[in-house]
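Worksheet for the structure shown next.
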Amino acid sequence: MTTVMTEQERSDRRDALTEELRKVYLGGLWQPRKRLESLSAFKWAWADIWGCLREAGEIVEVDEQSPMRTLQLINPALEELKATSRTLQVSVQLLKPGELAKAHRHTQPQPRFIVEAAEGAYTTVDGEQLYMHTGDFIITPGWSWHDHTNGSGHQAVWLDIHDPHLAGYVGAMFNERYGEDSVQPIEKQDGYHLQRASLYRSQGLVGQSGSIPMRYRWSDAVEVLEEMDRAGESDAHDGVLLEYRSPLDGGPATPTIGARVQKIRPGEETRLHRHTETVVYHVVEGEGELVMGAGGGGGVLKWEERDCFMVTPWEWHGFRNESSRAAYLFSVTDAPAVRALGFYREEIAR
């Protein structure tokens, strides 16, 4: 004969089971659980970034205690983690004339976008000297030795992009110092790895995929963008869009982090869409707006030259440029990792 429980009896037994589960580190799917904080689009104004970075340049020395003078972009919902997003971490680094950042390596790749630099500033990656010029995009593959030297008479400022939160989550976050030497010896000139990954490929790179130490010149990117614009090649959601690709296999710039540059033409407003990737933007030139929400009802986020802003996963967005000159945006994305995991999805507004 089946005994019918009262609601109070059922509640008491559920509470007792919950306590037993807790003791033996189990959980029932029916139990409430803490949800991740919801993220939303956010902007870091360059006036704020530069004001703080300039002050850091006066009071923070690049030495053993602080091997890098870097400010991290932090989403308000991830303040405790000091994170830009759940996957990407974007920071801004300042190296004053005559300074150097010591050689080290880590699991995750760390591409860099050069905000400003003068002749004589360079990064050395696995022995290759890669010069820094304003607007250039430089690849440091994962587990590659790298250090930075500012041999110019002007400050060098760049964006550091990597995904330590993703690497840490899967238990693959490792770091290593080069040794007693501050910098590694320069054994290869700028373009060494790229030259051997072209149509004439060195035997050591045959069959390899992923990324190599290399520099994408800003002047080359702009030239291609302008040619695409003249040819009428445009994306309905992102304007004239160009993606940085690996010369090894045509894949993303790095296995987990992709990068793009785009042109939003004067008077252009793109169509809204949303996707399951996180994108962090840096305004290279111009000004405009990020239009948010279905039907544009989520408001606008205004941006201008050198500002940084982010679009979070599954957030409706588009771009608007009401000025009389073109806007150029550099961006990084976790799309390669999201696609590799089979989680990528996109929806277009009707």
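- Taking the ring centroids of His106 and Phe174, they lie at or beyond the 6.0 Å cut-off.
- Checked by atom type and distance alone, the side chain of Tyr216 pairs as donor or acceptor with a backbone atom of Arg245 at under 3.5 Å.
- Aromatic ring centres of His275 and His237 lie farther apart than the 6.0 Å criterion allows.
- Across all non-hydrogen atoms, the minimal contact from Thr107 to Ala172 is OG1-O, 2.8 Å.
- Aromatic ring centroids of Phe319 and Tyr281 lie under 6.0 Å apart.
- Between Asp147 and Lys102, none of the side-chain N atoms (NZ, or NE/NH1/NH2) sits under 4.0 Å from a carboxylate O, so this pair counts as no salt bridge.
- Judged by distance alone, with hydrogens and angles left aside, the side-chain atoms of Thr18 form a donor-acceptor pair with the main-chain N or O of Arg14 at under 3.5 Å.
- A salt bridge links Arg274 to Glu347: at least one charged side-chain nitrogen sits closer than 4.0 Å to a carboxylate oxygen.
- Sorted by first and then second residue, the ring-ring contact (aromatic ring centres under 6.0 Å, His included) pairs with a member in residues 20-39 form an empty list; sequence neighbours excluded.
- Asp334 and Thr87 share a side-chain donor-acceptor pair at under 3.5 Å.
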Before you tell me yes or no, could you show the steps for Asp163 and Gln108 under side-chain hydrogen bond (donor to acceptor under 3.5 Å, both in side chains), namely the whole-Å CA-CA distance, both residues' side-chain angles and the distance that decides it to 0.1 Å? CA-CA 6 Å; Asp163 45 11; Gln108 73 275 11; 5.9 Å; no
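- With salt bridges taken as basic N to acidic carboxylate O contacts below 4.0 Å, one links Arg306 and Glu116.
- Side chains of Gln72 and Thr84 form no contact here, defined as non-hydrogen atoms less than 4.5 Å apart.
- With hydrogens and angles ignored, the 3.5 Å screen pairs a side-chain donor or acceptor of Asp307 with a backbone N or O of Trp46.
- Ion pairing of Asp136 with Arg215 is present here, as a side-chain N (NZ or NE/NH1/NH2) and a carboxylate O approach within less than 4.0 Å.
- The heavy-atom pair separating Leu272 from Gly318 by the smallest distance is CD2-N, 3.4 Å.
- Using bins of under 30°, 30° to 60° and over 60° for the plane-to-plane angle, the ring pair Tyr328/Trp218 lands in the perpendicular bin.
- Between the side chains of Gln110 and Thr140, no donor N or O sits under 3.5 Å from an acceptor N or O.
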task = I would like to know whether Leu248 and Arg201 meet side chain to side chain contact (heavy atoms under 4.5 Å, CB included); could you show each step before the answer?
result = CA-CA 9 Å; Leu248 288 177; Arg201 187 161 299 193; 4.1 Å; yes
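- The pair Arg339-Glu277 does not count as a salt bridge, with every side-chain nitrogen at least 4.0 angstrom from each carboxylate oxygen.
- Salt bridge Arg69/Glu99: present, at least one basic N to carboxylate O contact under 4.0 Å.
- A donor-acceptor pair shorter than 3.5 Å can be found between the side chains of Asp160 and Gln93.
- Ion pairing between a basic and an acidic side chain is recognised when a charged N comes within 4.0 Å of a carboxylate O; Glu128 and Lys188 show no such pairing.
- In this structure, Glu315 CD and Leu290 CG are separated by 7.0 Å, a value rounded to the nearest 0.5 Å.
- Not a single ring pair (Phe, Tyr, Trp, His ring centres under 6.0 Å) links Tyr122 to another residue, sequence neighbours left out.
- Under the 3.5 Å distance criterion, with hydrogens and angles disregarded, no donor-acceptor pair is assigned to the side chains of Thr270 and Arg320.
- Using a distance-only test at 3.5 Å, with no hydrogens or angles considered, a donor-acceptor pair links the side chain of Asn321 to the main chain of Arg325.
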